Amino acid sequence: MRTNHDALFKSRCRCSGEFSFPVSPSQRLRNFAVLPSPRFSSGLTQNLRDSYRSFLHVNVVAAVIKADLTRKNTGSALFKMTTRLLCRWTRLFPRCPQAATASARLQTSTVHQTEPVCLMSLSWTRPSARHLCQGNELARMEETVFPYDQAQLVRLVEKASTPEEVLQLWAEHGGSASDAARCLVQLNLRVMEKGGEGILQDPRCESMLETVQSQVSSVWNGSLVGLLRALTMLGLPSDAPLLRSIQNEVLWRIRRLTYRHLAYLVDWVAFQRRRGYENEALTTALLKQLELRWTELCDSRTVSILMGRASLFTPSLMDKLEDKALELAESFSAEDIRRVAFALASQNRRAVPLLRALSYHLNQKPSFELKTPLLLDIAYAYGKLNFHQTQVLQRIAAELLPRLSELSSLNVTRCAKSLAFLKWLHLPLFEGFAQHYVSNSKNYSTLQVCNLLISFAKLNFQLGKGEEFYQKVHKALEGSFQNLEPFLKTDVVWSLCVLNQANPDYISSVTKYDFQKKLAGGIVDRTESYRLKLLHISAFALLEPLGITIESPAVLLLAPQGKVEVSTPLQSSLHTALQSLTNSRTQALRTSVKTIYGWTIDGELVVDSENKPIDVENLKAPHLPGGGGRDALPAGARRIAFVAWEFPNFCLRSKDLLGRFAMQKRHLQLAGFLVVEVPYFEWLELKSDWQKVAYLKDKLGKAVAEDMAK
């Protein structure tokens, strides 16, 4: 026979005390037994969902709990069972309004008699204020709104403005361990704001610590995590008995902590790890809980905190965090965006969809949210990840330009270096950087001057009136240049060559044999890179009018053996077109020519006065290591160098060459070549072979005509 649920509900209400007539406990148990019996096993989820659909079961359970609380019968088996059932139901449906209504009846129930447990559904749905957590400090823990009446002491302490007021209030009122924990958390906040050396030695603070230690098991979960962090920031030693006791208590309760509390806890664990202390058992249990309960993650603040500690997590959890961050990106504050971008950069995780979402929402933020440190961190993160977002970079430049006078020397060099990595040249901003150095040169260290020069050289930023700037640069390098680390010294001299500001003293200091030996060894690619830089520096000395003679342009560092050069599609296509241009005459064409200057020519021709290719095998070639043949260049003949410019050779969203390739073009011209440039954006528009050959003929004719017009 089918059960009448309405009749059962009325009967249950009468038995639970909703009506005035009393019912014995045994009768209550018998009446409750006719309800569908929940199974606390693998079928629990389905049973609870069935109960939710009818919603009758939840009201009955809440009525039972209310009746037992009225009679202070909280130790009965029925009370424990029904409380556990409703708590599990609430965990399954934290966002359901019916669940929140039913769970509100449990506001006075608790596992610890001294202080009620804060409901998880309340902390999940409450909006939060967000604050940045720097990498070397703990994230600021948000204040939790308690769903019960706080003690008078706690309310007074929260209004205190100085550490002394907090201590005095505790001395006057005293309280339980939970009250002491709240007071210690507030004390830490006041100390961080106002300062307070030796606060732990104050007898009133010691009294709070003793109260907590004697009753640590009665401290509420949120206060326990906050207390752990507060004591660490106050300077309590990591091996103090109280800290160990709190960690053990947290370990025992870790499954009952909300996901946000777990996030604050992992923030504390990462902080402790950097200080050389780690509780392995707590860390292992914490990471396991984060991995298992990641679906509970539903607010942007928690996501940003966790991603800020990405070094602790497995790749699978990081993937899930990235998905959550992408889902919640719209609700991120500017500080949350900085934290997530910085975390991605620290882990070298180039999550393009997430970075695009962060860029879009960052660009929508008002100017007052975009503080200078935030803009610099975003530029650094994008530079490290090689993520180019022009709109964000333009916004950064627009925000920084009015603040240039407020920037420190460190901020200027950081920003210049980040933008150089991104290959983005903003002329007004970089002119502002140069003027900032001229006005504040005394505040720049030698390393900062070097970084500024390297950034300018990478982007080929040539100052229109840079005499004063370079005078101060040379003066700053006079005393400390010889003491620079060998690789940095080479980079600085190479950068000065790009900027056409190197003098004989700089060049001679890096071409000596003893100095070159310091660059040998180590990573092969790095050694090869600096070998080429030394060749470029030697070429600068040979080709530029400096009044200095180098004994030999050849660099003593050996080229790597067995390395196979791979041509790009643009270079291969250019070689094929040049062969068609010369009618496949191998004697008239050289491809992939390695010169003594450290530059590679994609195609070399010698044309006569009628622009027709002639054989080059027997002609002298001073740019080749062997010198070429014996015959001199015929009268009226010209050397032609075809150079393919790829996409990475240009500044971002520009047709201006980067410094390295601008110097290559200048050196080849000084070596006697007519340089025919083949940029990718013109070459890719040519679809057929005859179009490419016609394009090369046209470019060759224009180069010769320009040379004749000089």
Side-chain angles (χ1 to χ4, degrees), residues 114-115 118 123 126-216 218-238 240-243 245-247 250 260-261 264-265 267-268 271-272 275 301 305 333 335 368 371 373:
T114 57
E115 186 175 352
C118 182
S123 63
R126 185 180 301 111
S128 58
R130 304 176 184 88
H131 304 277
L132 175 69
C133 169
Q134 300 290 355
N136 58 351
E137 62 184 26
L138 289 171
R140 182 170 178 177
M141 194 167 180
E142 298 175 1
E143 294 296 325
T144 304
V145 179
F146 294 93
Y148 55 83
D149 293 335
Q150 299 181 20
Q152 181 182 4
L153 171 63
V154 175
R155 291 196 296 269
L156 292 173
V157 164
E158 289 179 348
K159 298 177 182 178
S161 58
T162 63
E164 180 61 29
E165 290 183 27
V166 176
L167 294 173
Q168 188 61 35
L169 286 170
W170 171 258
E172 293 175 358
H173 296 81
S176 64
S178 292
D179 296 335
R182 296 291 301 167
C183 289
L184 285 168
V185 171
Q186 291 296 323
L187 179 64
N188 174 54
L189 294 177
R190 301 292 86 79
V191 168
M192 292 175 64
E193 293 173 358
K194 307 292 184 179
E197 295 295 332
I199 198 74
L200 291 175
Q201 284 71 43
D202 191 289
R204 295 165 293 182
C205 184
E206 291 178 350
S207 173
M208 284 190 281
L209 296 177
E210 291 172 1
T211 303
V212 171
Q213 188 163 10
S214 63
Q215 306 173 32
V216 68
S218 64
V219 180
W220 174 63
N221 294 342
S223 296
L224 198 65
V225 176
L227 177 62
L228 189 64
R229 297 154 53 87
L231 292 179
T232 301
M233 297 303 293
L234 286 172
L236 194 67
S238 299
L242 177 56
L243 269 182
S245 178
I246 296 175
Q247 290 178 60
V250 169
R260 176 170 291 189
H261 290 151
Y264 288 127
L265 191 57
D267 185 52
W268 176 83
F271 180 77
Q272 288 289 83
R275 299 172 62 188
R301 170 65 172 166
I305 291 175
S333 68
E335 300 292 353
F368 67 86
K371 308 299 183 184

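Side-chain atoms are counted along with the backbone in the values below, which use heavy atoms only and exclude waters and symmetry mates. Only a predicted model underlies this, so the values are computations on that prediction, with no experimental measurement involved.
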Which atom of [X] lies closest to which atom of [Y], heavy atoms considered:
X	Y	answer
S223	R182	OG-CD, 3.2 Å
R190	A160	CD-O, 3.3 Å
L153	W170	CD2-CE3, 3.6 Å
Q213	P241	NE2-CB, 3.9 Å
K194	P163	CB-CD, 4.1 Å
T211	G175	CG2-O, 3.9 Å

In the structure I gave you, are the side-chain heavy atoms of [X] and [Y] within less than 4.5 Å of one another anywhere?
X	Y	answer
C205	L187	yes
L224	V216	yes
L184	L209	yes
L231	N188	no
M233	W268	no

>> For the CZ atom of R275 and the OG atom of S238, what is their distance to the nearest 0.5 Å?
In response: 4.5 Å
> For the atom pair CD (E172) and CG (L167), what is the distance rounded to the nearest 0.5 Å?
Replying inline: 11.5 Å
[X]: which residues meet the side-chain contact (heavy atoms from CB on, under 4.5 Å) condition with it, sequence neighbours left out?
X	value
E206	none
L156	Q152, L169, H173
T162	E164, E165

>> Checking side chain to side chain contact (heavy atoms under 4.5 Å, CB included) between Q272 and each of L228, D267, T232, which is the one that passes?
In response: T232
> Of all residues at least two apart in sequence or in a different chain, which pass the side chain to side chain donor-acceptor pair (under 3.5 Å) check with S245?
Replying inline: none
>> Taking side chain to side chain donor-acceptor pair (under 3.5 Å) as the definition, give me every residue that meets it alongside Q201, ordered by chain and number, with sequence neighbours left out.
In response: none
> Does the R229 side chain pair with the main chain of L265, one donor and one acceptor, at a distance under 3.5 Å?
Replying inline: no
>> Using a 3.5 Å distance criterion without hydrogens, assess whether the side chain of S178 forms a donor-acceptor pair with backbone atoms of S218.
In response: yes
> Which residues satisfy the salt bridge (Lys or Arg N to Asp or Glu O under 4.0 Å) test with E210, sequence neighbours excluded?
Replying inline: none
